[in-house]
Every structure is written in structure tokens, then in C-alpha cells.
Chemist: 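This is the structure, below, for whatever I ask next.
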Amino acid sequence: MNDKRTEIFEIIRDTSTLPTLPGIVTRLQALSENRKSTIQEMAQLVSSDQILSARVLRLVNSPSYGFYRVSTISNALILLGVNVIKSLALSSSIFEIMEKTIVGLWEHSLGAGVAANIIARRLKLPEVEEISTAALLHDIGKVIIKEKCPEDYARVAMLMERKGLAMLDAERELLGTDHAEVGEWLVRSWYLPDKLSEPVACHHDVARSSTHQVKTAVVHLADVLVKASGFGFSGDEYVPQIQPEAWQRLGMTEGDLVAIVEELEDRLIETKNFSLEIQAVDEI
Amino acid sequence: MRSDLRIAIVANEKRGDGNIELRLQSKGYQVVTLTTPSSVMGFIYSDPPDVILMDLSSPDEAFLGIIRSLKDDFFFSTIPVIGMMPEPAAEFFDWDEYPLDDFVTFPLNFRELFTRIVLSLRRLRRVFDNNPLTRLPGNTSIQRAIEQTVGKPMAVCYVDINHFKQYNDVYGFAHGDEVLRMLGRIMSNAVKDAGDGFAGHIGGDDFVFIVPFDQAEVVAGRIIANFTAVVSELFNEEEKRNGFFLAHDRKGNEEKVPLMGVAIAIVPTDSPKIGHYAKVAEVAAELKTLAKQSHKSCFVVDRRKY
């Protein structure tokens, strides 16, 4: 069993085929964290990437925003807001390595990002953006398994079907590892900070997180809520229970949960539009 | 959410169990059951309930007509109507013709019913209050937000666009709407960047944002700079060079109108004279007159001590 795990990690470790996080995302992140940076600096950075520029302009001129003639990147940045640009850059670069066939997983990830944002704001947690990013990345391991080991991925799907297993259990049985571990490994190899890799690693086992317990609990909850809402498709239909540790660590009431679910319902409609826009941009 | 909600049940005949009423009453709701279709509208018009539950297990035209007339009247369309029907009926229900807000299926799951009642009320309140053009919260939310800031070190900031009306007249309302959407985005992005805050749309070219007082000038400055940058795309080279566009006044005379800008009135809410929502608006109106005098983008802070 462990041999399989080693084999998978060796395949993924092959750096020549390891997808890298484009520099533009990290630089955008750094720039937006610096309060002194200006829209012009950010616009210059975005303009250095033609594909991202095209996406930004296409998005800002899309009917959902109702602007008819925005022609400069800096004005697009002003109107869309830095956060939209950041998530556009991150989601489009990460999902560049995904095929169209797993658009459901992409939507699941976007939805989890949105849910985590709502939860973090509702509970007035610090570092809302980081929490959303961690949620956006939480299933990145599935992408890598599918891209790098397509045969194993297909066997996992078959095993799920045959034994009626959840994806996580099928992965563990067949591969001796799971998408959470693979994702953690990948995120670490991108040198992203612990506050991102730990929630990715522990989103199915909140109790195991040690340093970033609250962030991990939010990502776990976001994953469950998006699955329960039926938005996107993460690989299987099972909606896991919200783990008691998550409730406890977030100090959340049932009233909070109702309010979160309610806001999520609205925001997922917007997210669906966003997803369709991005897919449309890919077709130009 | 209040617990003394007033709920009207509209049913063909009293369902034998009377269970629904009891369960709703046990939640603290006031319940009235209406069975004769002819009396329903009279009752609702004279004493509108908060929520209407309608038994559609054997839908009849009179009942369906009630839904339609309620939803056609903007005054009553904010009352959520929840249909109760057997599950198979839901799939084939004509939602366009009879615009229900939600439904539950028989046999009733009361916990679900309670949740749907509360949810439908909140959803309608939210949807009705948001400005359809900018999707920003509208006047009810604005009033609530302002009331919460009275006495705190916050600032309520009123924003409007200089020369918007003339722009709208010359370039058409579709482009005018675009300008309003732009200002809405610019404002809410600037508020978001500042951390905690609120952005709302009063209507037309009148907007409001609320931020901590010590950030108000920075946010106002950013809104002005960003609006100026974006608006420059809306005029042609010649207009930009001249600094004005041509319009006609009421008498048909050509006039030179300066390019659009924003005027912002910043009202601190911890001053002793601000004890009430209406007072905030009054002070803002005075300031805005001041801010608009220059015809250029600017903000004015109320620093008067009383």
C-alpha cells in the first residue's frame, strides 16, 4: 500500500512536470498586502500577463457588471476591486492545469472560497482573504492526482462506484494517501505559508490541525456547506458531518449557521455567473 | 426576527387536524385561518399579515388568483406567500403564472416550515431593499446602519455626482446608469479596502458610505481619485481637453457643463448634536451644498462644534 503512495509522490515530485504557481499570483498577493501600493503599480503587473489582462477586460465588460466600454486595466481594477482580480488570477492560473471535464470541481472550489469568506466575515475573524484562498485550494490534491496519475484517478472512481465509498476513503484504500495529503504536499512545494497548507492538509480532520485550527475549521465547514448546497461537484455526493471540533473552535451558534447559509445561497448564484464568465473567456 | 409574526393560512376547508395552527401558535406566532376565497383579499387588504401560507393540495382558480393579485400589487408583493402542496405537484406548478415565494410539501415537516417562514421574510426584505441597478443596500438598510453608528467614532458620508443630470440628458439614461454602477463599485471597493464599513445607494445619484471617522478622508479621497480616472474614459479627447461637454439648458441654450465629479459630505457621528438619523441627513444636506459650490470633486468635513 505504501509503495503506491511513494510512487504517486515520486510522479508528482518530478519537478519538470510539477505545475507552478505563476509568479504573477504571488506578486499580486504581495502588492495587495502592501497598503502603500497603488492601482497603477498593480495595473502594470496585470498588464504584464496578456492572458490575465484579456480576462480582466472581458470580465469587467461582461453584462453582469453593466459597464459598456472599460478599456484600461487600471480602470478595470478600480471597478472590479483588487480582491476580484486576485481571485481571478489565482483561480484561472490554478485551473489552467484542469481540464474542462472537471469544471464541477472548479466550481466546488470557487464555492468553498466564497463560503469561507462569508463564514470568516460573519465570525469577524482576521485574515479573511487567506482563509478564502485556503478554501479555494483545499481540493487541489484532486486536480494533481487526476492530472498526473489519470489511471489511478479512474480506478478511484471505479472503486467508489463498486463499493459505494466516499472519494476520500477510496483514495486511502487504493492509493495509501488521499487528496488532502497530496494537496498539502503540492502547496508546500509552492512555498505557500502554513496558514494555507495546514487547512488544505486537515480539511477532513480538523482535530489534527495544530497551528491554524480556526482557519482549518472554516475551510472544513465551507467544504461541507458547499457540498450540502449542491453547488459544483467535488467528486462524490456525500455530505460529511460538520465535525464537533469545528463547531467548538469556531464558537459558532445555530443562528450564525442559518445566517451563513442564507448569504451563501445568494452568493453562489453570483459565483455561478463568475464561473460561466471565466469559461466564456477561455473560449476566446 | 420578531416572534410575534402574524400568519394567515389560506385553505380550502379547515384541515381536520388543525395541527398547523397549533404548531405555529406554539412558536409564538399569531395565526388566522381563512377558508372562503371571497373573504381572503378583504382580510389581507385591511390587515396585512407578515406571511401567507396557502394550501394548494387541491389548487382551485380562486386561490391561485389570490396569489396573482397579491404579487401584482407592489404594496402587497412583499408579503411572502408559501405554498403547501403534495410533492409531485411542485414539479409541475406554473411558477410564472402563480408566483409563489416558496413551497413546502405534505406531510408537513414543521421544523422546515418554520425555517422557510423566517428565510422567506429575510430574503424578501433583502431583495426589496437592494437597489436593482447597483445592488447596493437601499434606504431601510441605510437607516439601520446610520442608527447603529450614532454616538460612535464613525463618519456617515453622503456622495453625489456633480452634473450627473446633464450627462444623463446628453448621453442617454443607459450611459447614465453605467455611471451610477461605476460609482457604486468604486465606493464599495474603497470601503472594503478600508476594512469594516458600509456602502448604500439612496437612489438616483445619491449614495452613502460609513467608515471609522479617522479613515473617512482617505476613503473619500480614494473615491474621488478613482471616479475621476474612470470617468475620463466616458468623454472624448476634445471634451477632456476642454474640461467640459456641451448640453442644452431648459430654454434650449447651449451651455458648457464641467465634466462629472463627486461631492462628498462627511458627517462625524459622535458629536453631541447628532442624536438622530434625521439629524445626520440634515447636516449632510448643508455640507453638500458647500461641497457642490466648487463644481469640482471634493469632500467637506463637518468640524463645527456646538
Side-chain angles (χ1 to χ4, degrees), chain A residues 31-40 42-43 57 59-87 117 120-129 132 254-255 257-267 269-270 273, chain B residues 1 102 111-112 114-127 130-135 171-197 199 215 218 221-236:
Chain A
L31 213 50
S32 65
E33 272 163 21
N34 179 358
R35 293 199 77 87
K36 284 198 196 107
S37 55
T38 63
I39 289 277
Q40 279 67 34
M42 224 172 274
L57 287 176
L59 184 62
V60 76
N61 287 296
S62 74
S64 37
Y65 284 99
F67 308 132
Y68 308 122
R69 54 241 154 109
V70 180
S71 60
T72 66
I73 296 291
S74 58
N75 282 348
L77 263 164
I78 288 172
L79 292 168
L80 293 176
V82 175
N83 291 337
V84 171
I85 304 289
K86 254 166 45 185
S87 56
N117 183 282
R121 278 190 294 103
R122 170 82 195 178
L123 302 177
K124 298 203 171 8
L125 302 176
E127 304 193 288
V128 175
E129 288 305 313
S132 320
E254 296 220 1
L257 190 62
V258 170
I260 288 164
V261 168
E262 193 183 332
E263 192 179 343
L264 181 61
E265 180 194 332
D266 277 6
R267 292 278 304 282
I269 297 168
E270 287 171 30
N273 291 336
Chain B
M1 181 81 28
D102 206 343
R111 262 183 149 174
E112 185 182 331
F114 297 148
T115 311
R116 288 197 184 270
I117 288 172
V118 175
L119 268 179
S120 61
L121 275 167
R122 295 212 179 154
R123 186 188 305 125
L124 271 168
R125 191 172 69 196
R126 212 167 48 225
V127 170
N130 281 18
N131 186 290
L133 192 63
T134 55
R135 302 189 198 175
Y171 295 95
F173 69 87
H175 284 172
D177 284 354
E178 183 186 19
V179 174
L180 297 178
R181 283 195 205 98
M182 285 174 160
L183 180 56
R185 288 292 300 186
I186 289 169
M187 210 178 67
S188 59
N189 286 338
V191 167
K192 230 181 272 168
D193 286 348
D196 218 6
Q215 300 222 35
V218 177
R222 187 173 301 153
I223 291 171
I224 289 173
N226 287 347
F227 186 77
T228 310
V230 166
V231 149
S232 76
E233 278 204 61
L234 307 183
F235 294 102
N236 63 37

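As a basis for the values below, the full set of heavy atoms in this structure was taken, side chains included, without hydrogen atoms, waters or symmetry mates. Lettering follows sequence order; numbering is per chain, from 1.
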Chemist: Check whether Glu178(B) reaches the backbone of Tyr68(A) with its side chain - one donor and one acceptor, N or O, closer than 3.5 Å.
Modeler: yes
Chemist: Below 4.5 Å, heavy atoms only, C-beta onward: do Asn75(A) and Met182(B) meet side chain to side chain?
Modeler: no
Chemist: Kindly indicate whether the side chain of Arg181(B), heavy atoms from C-beta on, has any atom under 4.5 Å from the side chain of Phe67(A).
Modeler: yes
Chemist: Do you know which of Val70(A), Val261(A), Val82(A) has the most heavy-atom pairs under 4.5 Å to chain B?
Modeler: Val70(A)
Chemist: Using a cut-off of 6.0 Å, state whether more than 12 heavy atoms not belonging to Arg135(B) lie near its atom CZ.
Modeler: no
Chemist: Heavy-atom distances under 4.5 Å only: say whether Ser74(A) touches chain B with side chain, backbone, both or neither.
Modeler: neither
Chemist: Output every pair passing side-chain hydrogen bond (donor to acceptor under 3.5 Å, both in side chains) with a member in residues 221-231 of chain B, not counting sequence neighbours, ordered by first then second residue.
Modeler: none
Chemist: Are side-chain heavy atoms of Asn189(B) and Ile78(A) found at a separation under 4.5 Å?
Modeler: no
Chemist: How would you list, by chain and number, every residue that makes a ring-ring contact (aromatic ring centres under 6.0 Å, His included) with Phe235(B), sequence neighbours excluded?
Modeler: Tyr167(B), Phe245(B)
Chemist: Looking only at heavy atoms, what is the nearest atom pair of Arg185(B) and Leu79(A), with distance?
Modeler: NE-O, 2.7 Å
Chemist: What distance do Asn130(B) atom CG and Asp266(A) atom CG have between them, rounded to the nearest 0.5 Å?
Modeler: 8.5 Å
Chemist: Quick one: closest heavy-atom pair of Arg123(B) and Glu262(A), and the distance?
Modeler: N-OE2, 4.4 Å
